[in-house]
Amino acid sequence: MPDGSARRSAARLAREAVLRMAFAVEAYCRLLVRVTRACLSQPFYRGDLVQQMDTIGVASIFIVMLTGLFTGMVLALQSAVEMERFGATVYIGRVVGASTIRELGPVLTALIVTGRAGAGMAAALGAMRVTEQVDALRTMGVDPIRKLVVPRFLAALVMLPVVTIIGDFVAILGGLLIAVLTLDFTAQLYINSVWDTLAQSGFVLRVVPIDLIQGLVKPFTFGGIIALTSCFHGLRAEGGTEGVGRATTRAVVTSSILILAADYFLTQILLAMFQW
C-alpha cells in the first residue's frame, strides 16, 4: 500500500508539472502574439525604444568585446596546437573566422547579453509587477505590453546583430594578435585566410558572404528570445523581492536553454538553405 500511494503521488506530481509547463508555453505563445500585434500598430513609444537600445546594446559592447578578444585568442592558440601536428597552421585564420562568424560569435554574444541585459529586464519588470506598477499602468489606460515589452523586444532584435558583428570583429582581431605575435604569421596572410573561408561558402547578390548572413540570422532570433523570455518571467513574478529573484533566475536559465536549442535548429535550416 505505501508503494502504491507513493506511485500515485509521483504520478500526480508529474501530471501537475506537465500541466504547468503546458500552461506556461501557452502563455508564452500568447505573449508573442500580443507583442507582434503591438509592434505593427500605434501608439509606439520611440523614446523607450531608444533607451532600451542603449541599455541592451550599447551598454553590452565592452563585455562582448572583451569576451570576443579572449575567445579569438584562445581559439587561435588551441587551433595552432592541433594543426601543427599536420603542418596546417596556415589555415588558422580559416578556423578562427569560420568558427567565430558562424557559431561562437552569435551564441556567446547571446549568452552574455542574456546574463547582463536579460536579467536586468526580468528584474525591472518583476519589481514593477510585485509593486503593482504594472496594474497602475492598466488603470491609467496604458497597455503594459506595448509600453514595457515591445520597446525591449524591438531593441533586442536590432541591437543583438550589431553587437554580434562587433564581437566577431574583435574575436578575429584577437586571433590576428596571436597569429602575428606568437605564431610568426604576417597580418596579410591571416587576413587572406579569413577572407578565403568567407568567400568559399559563396555570396548572396555577389556581395554579401553567406557565412555573414548566417551569422546575423542567429543573433536576430536570439535577441527576440532573450527579450520575450525575460519579459515573460518578469511579468509573472510574484511573492515580493524573493519572487523577483526567482523570476530573474528563471529568465536567464530559460533564455540560455532556448538559445542553445534554437542554435541547433537554425544551423540545420541554414545549412539546408545555403549549402545542401
Side-chain angles (χ1 to χ4, degrees), residues 54 56-117 158-223 256 259-260 263-264 266-267 270-271 274-275:
D54 177 71
I56 296 172
V58 177
S60 300
I61 288 177
F62 176 75
I63 188 172
V64 169
M65 291 177 62
L66 196 62
T67 303
L69 177 65
F70 287 108
T71 299
M73 294 172 69
V74 169
L75 188 59
L77 283 175
Q78 293 286 11
S79 300
V81 171
E82 295 299 324
M83 299 178 73
E84 188 176 8
R85 301 175 183 178
F86 307 100
T89 53
V90 68
Y91 297 112
I92 288 176
R94 286 176 172 261
V95 174
V96 174
S99 301
T100 300
I101 293 175
R102 294 177 187 172
E103 193 65 33
L104 290 178
V107 173
L108 288 178
T109 300
L111 293 176
I112 291 168
V113 174
T114 296
R116 203 204 68 81
V158 173
M159 294 307 298
L160 204 67
V162 174
V163 175
T164 299
I165 291 175
I166 296 173
D168 290 346
F169 176 79
V170 175
I172 293 173
L173 179 61
L176 173 64
L177 292 176
I178 294 300
V180 172
L181 300 178
T182 304
L183 305 176
D184 295 328
F185 276 39
T186 64
Q188 188 65 39
L189 177 61
Y190 178 86
I191 293 172
N192 289 340
S193 181
V194 173
W195 176 252
D196 288 342
T197 192
L198 295 178
Q200 186 176 10
S201 63
F203 296 85
V204 174
L205 302 177
R206 299 182 180 181
V207 177
V208 183
I210 291 177
D211 283 344
L212 183 60
I213 293 178
Q214 296 185 49
L216 292 180
V217 169
K218 288 182 177 182
F220 181 82
T221 305
F222 297 159
S256 300
I259 286 168
L260 295 175
D263 178 56
Y264 170 77
L266 283 173
T267 300
L270 292 171
L271 286 175
F274 292 110
Q275 295 187 12

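Not a single side-chain contact (heavy atoms from CB on, under 4.5 Å) links I191 to another residue, sequence neighbours left out. Partners of A171 according to the side-chain contact (heavy atoms from CB on, under 4.5 Å) rule, which considers only residues two or more places apart in sequence or in another chain, are T100. Among residues two or more places apart in sequence or in another chain, the side-chain hydrogen bond (donor to acceptor under 3.5 Å, both in side chains) test is passed with E103 by K218. Considering only residues two or more places apart in sequence or on other chains, N192 meets the side-chain hydrogen bond (donor to acceptor under 3.5 Å, both in side chains) condition with Q188. With sequence neighbours left out, the side-chain hydrogen bond (donor to acceptor under 3.5 Å, both in side chains) criterion links S60 to R116. Every residue meeting the side-chain contact (heavy atoms from CB on, under 4.5 Å) condition with V180, not counting sequence neighbours, appears here in chain and number order: L176, A187.
A donor-acceptor pair is defined here as one N or O able to donate and one able to accept, closer than 3.5 Å; such a pair exists between the side chain of Y190 and the backbone of I172. Not a single donor-acceptor pair under 3.5 Å links the side chain of T197 to the backbone N or O of S193.
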Given V194 and V96, is the side chain to side chain contact (heavy atoms under 4.5 Å, CB included) satisfied, shown in steps?
CA-CA 7 Å; V194 173; V96 174; 5.7 Å; no
Side chain to side chain contact (heavy atoms under 4.5 Å, CB included) for L189 and T186? Distances and angles first, verdict last.
CA-CA 5 Å; L189 177 61; T186 64; 3.2 Å; yes
Apply side chain to side chain contact (heavy atoms under 4.5 Å, CB included) to V170 and V64, showing your working.
CA-CA 9 Å; V170 175; V64 169; over 6 Å; no
Side chain to side chain contact (heavy atoms under 4.5 Å, CB included) between F222 and V107, worked out:
CA-CA 8 Å; F222 297 159; V107 173; 4.2 Å; yes
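Of all the heavy atoms in T164 and P219, the pair that sits closest is OG1-CB, 3.3 Å. The minimum heavy-atom distance linking T114 with S256 is given by the pair CG2-OG, 4.1 Å. Of all heavy-atom pairs between I259 and A110, the closest is CD1-CB, 3.8 Å. Across every non-hydrogen atom of L160 and G223, the tightest pair is CD2-N, 3.2 Å.
With values rounded to the nearest 0.5 angstrom, M159 atom CE is found 12.0 Å from T109 atom OG1. Interatomic distance, CD1 of I166 versus CE of M65, reported as 7.0 Å (0.5 Å rounding). Here L66 contributes atom CG and I61 contributes atom CD1; the two are 13.5 Å apart, rounded to the nearest 0.5 Å. Atom CG in L212 sits 6.0 Å away from atom CD1 in I165 (nearest 0.5 Å).
For residues 57-67, the set of pairs meeting the salt bridge (charged side-chain N to carboxylate O under 4.0 Å, His left out) definition, not counting sequence neighbours, is empty.
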With a 3.5 Å cut-off and sequence neighbours excluded, list the donor-acceptor pairs that the side chains of residues 70-79 form with protein atoms.
{"residue": "T71", "atom": "OG1", "partner": "T67", "partner atom": "O", "Å": "2.7"}
{"residue": "S79", "atom": "OG", "partner": "L75", "partner atom": "O", "Å": "2.7"}

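For the pair L69/L177, a side-chain contact is recorded, criterion being any heavy-atom separation below 4.5 Å from C-beta on.
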